[in-house]
Amino acid sequence: MKLSRRFPLNALRVFEAVARLENFTRAAEELGMTQTAVTYQIKLLEEFLGDTVFLRRPRALKLTETGEKLLPKVAEAFTLLTEAVQSTRHGVEETLEIHSPPTFAAQWLSPRLGAFQAEYPQIAVRLLRQMDVGGQQRTWPDITIHIGAEPLEGLVCHPLLRLDYSPMLAPHLAETVGGIRQLTDLLKLPWISNTRGWWREWFDAAGIDPSTIRHTGLNALGALDLEAKAAIAGDGVAMLSPFFFRDDLASGRLVQPFDLCLGDGQAYWLGYQPARRNTAKIKAFTAWIQSALAHDLAAMGTTRAKQPAA
């Protein structure tokens, strides 16, 4: 179908920006337009559709039912247009934005991004540490790394790995109770990780009752890298993954007293928008991270970290 001159392409571009930013003023700044011009374009779109796309309330802007239906396809269309233009710009540096859970970003991804950029020098990387998004975002970065039992709805997702966990602590903390020789010795020390969560399954598997454990009161909001730092400082015992903290184990900053490990039923997933599945920078990063993780997992040999089935 041919687009007539009346088709509001520019109005759709303005609509996408306003919906994404949830603000007329910020959309005007991004687009280099006046707020009056932005308002006019939205009016043209609503006249074309015969319905409103925004509910304008004091200090709030909300999509109408029509706007909610329109936004996903409009956003996808502009993504495709952007990719079409970028695909013709050979040799021009691109930026790949990645959102990652904090521990994965700090303990594994960040130290290895230099290797990725050495292989793909035309791709600049912007890495943001972000707690699990849980599928609540309206727009997505180039790459989203997500922790969950299932992939994120609406994204193309690749399983990266599953992790197992075991108690770890600083050697000097273990010495304060004469060393950790029996599983019950762990009950003599304060704990950083909250043992009232799914960690109780580890204690059930170990055959011990954790009800007498003293907690430090630290709440790292699930950021295992912060819990690990507290454990290295001798503040208590933390339930950590050998995969993420193998360097600390190898150096002796942490010790893992027992081989017993347990998974939490979650996987790390790599996701991106379906419309961007053929984007060169996303394809390059997806192939690289899968290869790098496979190499690391193979190098760990007998550890329990593993890749999930696709």
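One-based numbering along the sequence shown.
Distance check: Phe258 CZ to Trp202 CH2 gives 6.5 Å after rounding to the nearest 0.5 Å. Here OH of Tyr120 is found 10.0 Å from CH2 of Trp288. Values are rounded to the nearest 0.5 Å. Distance check: His158 NE2 to Ile143 CD1 gives 8.0 Å after rounding to the nearest 0.5 Å. Separating the CD atom in Gln266 from the NE2 atom in His146 is a distance of 7.5 Å, to the nearest 0.5 Å. To the nearest 0.5 angstrom, Leu240 atom CG is 9.0 Å from Ser166 atom OG. Once rounded to the nearest 0.5 Å, the distance linking NZ of Lys73 with CG of Leu80 reads 10.0 Å.
Atom CD of Gln117 has more than 12 heavy atoms from other residues, nucleotides or ligands within 6.0 Å. Few gaps surround NE2 on His172; more than 12 heavy atoms of other groups in view lie less than 6.0 Å from it. Counting heavy atoms of neighbouring residues, nucleotides and ligands inside a 6.0 Å radius, atom CD of Gln182 does not exceed 12 of them.
When every heavy atom of Ala170 is checked against every heavy atom of Leu254, the shortest pair comes out as N-CD2, 4.2 Å. Taking every heavy atom of both residues into account, Leu169 and Gly236 meet most closely at CB-O, 4.2 Å. Closest heavy-atom contact between Pro101 and Tyr268: CG-CE2, 4.4 Å. Among all heavy-atom pairs drawn from Thr216 and Ile192, the shortest one is OG1-CA, 3.7 Å. A pairwise comparison of heavy atoms in Asp235 and Pro190 identifies O-CG, 3.7 Å as the closest pair. Closest heavy-atom contact between Pro274 and Val156: CA-CG2, 3.7 Å.
The backbone N or O of Leu186 lies less than 3.5 Å from a partner atom in the side chain of Trp191, making a donor-acceptor pair. A side-chain donor-acceptor contact under 3.5 Å links Thr64 to the backbone of Gly67. With hydrogens and angles ignored, the 3.5 Å screen pairs a side-chain donor or acceptor of Thr176 with a backbone N or O of Leu173. Here the side chain of Lys281 pairs no donor or acceptor atom with the backbone of Glu94 at under 3.5 angstrom. Put simply, the side chain of Arg129 never gets that close to the backbone of His99: no donor and acceptor are under 3.5 Å apart. In terms of modelled atom types and a separation under 3.5 Å, the side chain of Thr103 and the main chain of Asp225 share a donor-acceptor contact. Between the side chain of Ser291 and the backbone N or O of Ala287 there is no donor-acceptor pair closer than 3.5 Å. The backbone N or O of Ala106 lies less than 3.5 Å from no partner atom in the side chain of Ser110, so there is not a single donor-acceptor pair. Of the possible donor and acceptor atoms, none in the side chain of Ser241 sits under 3.5 Å from a partner among the backbone N and O of Leu163. Arg253 contributes no side-chain N or O that, together with a main-chain N or O of Leu249, makes up a donor-acceptor pair within less than 3.5 Å.
Cation-pi geometry between Arg246 and Phe243 is met: the NZ or CZ atom falls under 6.0 Å from the ring centre, inside 45° of the normal.
Of the listed residues (Thr36, Val14, Ile42), just one forms a side-chain contact (heavy atoms from CB on, under 4.5 Å) with Phe24, and that residue is Ile42.
Side-chain atoms of Ser193 and Glu227 form a donor-acceptor pair, as typed in the model, at a separation below 3.5 Å. If you check the side chains of Thr25 and Gln35, you find a donor sitting under 3.5 Å from an acceptor.
Between Phe54 and Phe15, the ring centre distance stays below 6.0 Å.
Contact check on Glu97 versus Arg276 returns no salt bridge, with no Lys/Arg side-chain nitrogen under 4.0 Å from an Asp/Glu carboxylate oxygen. Salt-bridge check for Glu65 with Lys69: passed, with a basic side-chain N closer than 4.0 Å to an acidic carboxylate O. Ion pairing between a basic and an acidic side chain is recognised when a charged N comes within 4.0 Å of a carboxylate O; Asp248 and Lys229 show no such pairing. With respect to the salt-bridge test (charged N to carboxylate O, under 4.0 angstrom), the residues Arg126 and Asp142 do not qualify. For Glu22 and Lys62, the salt-bridge test fails: no basic side-chain N is under 4.0 Å from an acidic carboxylate O.
Residues Leu187 and Asp209 are not in side-chain contact: their nearest non-hydrogen atoms beyond the backbone lie 4.5 Å or more apart. Gln256 places a side-chain heavy atom less than 4.5 Å from the side chain of Cys261. Side-chain contact between Arg13 and Leu31 is present, with at least one heavy-atom pair separated by less than 4.5 Å. Two residues are said to be in side-chain contact when any heavy atoms from C-beta on lie closer than 4.5 Å; Asn10 and Gln41 meet this criterion.
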Item to complete: Check step by step if side-chain contact (heavy atoms from CB on, under 4.5 Å) holds for Phe203 and Leu183.
Response: CA-CA 9 Å; Phe203 290 101; Leu183 285 162; over 6 Å; no
Practice prompt. Go through Phe104 and Trp269 one step at a time and tell me if the ring pair (Phe, Tyr, Trp, His ring centres under 6.0 Å) criterion holds.
Written response: CA-CA 11 Å; Phe104 188 84; Trp269 303 84; over 10 Å; no
Practice prompt. Would you sort out whether Thr52 and Thr66 count as a side-chain contact (heavy atoms from CB on, under 4.5 Å), showing the intermediate values?
Written response: CA-CA 7 Å; Thr52 58; Thr66 296; over 6 Å; no
Discussion item. Please evaluate residues Leu109 and Ile98 with respect to the criterion side-chain contact (heavy atoms from CB on, under 4.5 Å), reporting the C-alpha separation (whole Å), side-chain torsions for both, the decisive distance (0.1 Å), and the verdict.
Written reply: CA-CA 10 Å; Leu109 183 55; Ile98 304 168; 4.2 Å; yes
Practice prompt. Decide side-chain contact (heavy atoms from CB on, under 4.5 Å) for Glu30 and Arg20; before the verdict, give the C-alpha distance in whole Å, the side-chain angles of both, and the deciding distance to 0.1 Å.
Written response: CA-CA 11 Å; Glu30 178 179 290; Arg20 171 165 44 82; 2.6 Å; yes
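Taken together through direct or relayed side-chain contacts under 4.5 Å among Ile, Leu, Val, Met, Phe, Trp and Tyr, Leu155 and Leu128 form parts of separate hydrophobic clusters. Put simply, Leu49 and Leu9 are part of the same group of oily side chains (I, L, V, M, F, W, Y) that touch within less than 4.5 Å, one to the next. Placement of Val18 and Leu21 in two distinct hydrophobic clusters is found when ILVMFWY residues are connected by side-chain heavy-atom separations under 4.5 Å, directly or transitively. Under the 4.5 Å side-chain heavy-atom criterion for ILVMFWY residues, no single connected hydrophobic cluster contains both Tyr40 and Leu61. Note on Leu44 and Leu63: separate hydrophobic clusters, where clusters join Ile, Leu, Val, Met, Phe, Trp and Tyr whose side-chain heavy atoms are under 4.5 Å apart, directly or indirectly.
Using the six-membered ring where Trp is involved, Phe116 and Phe285 have ring planes that are perpendicular, over 60° apart on the 30 and 60° scheme.
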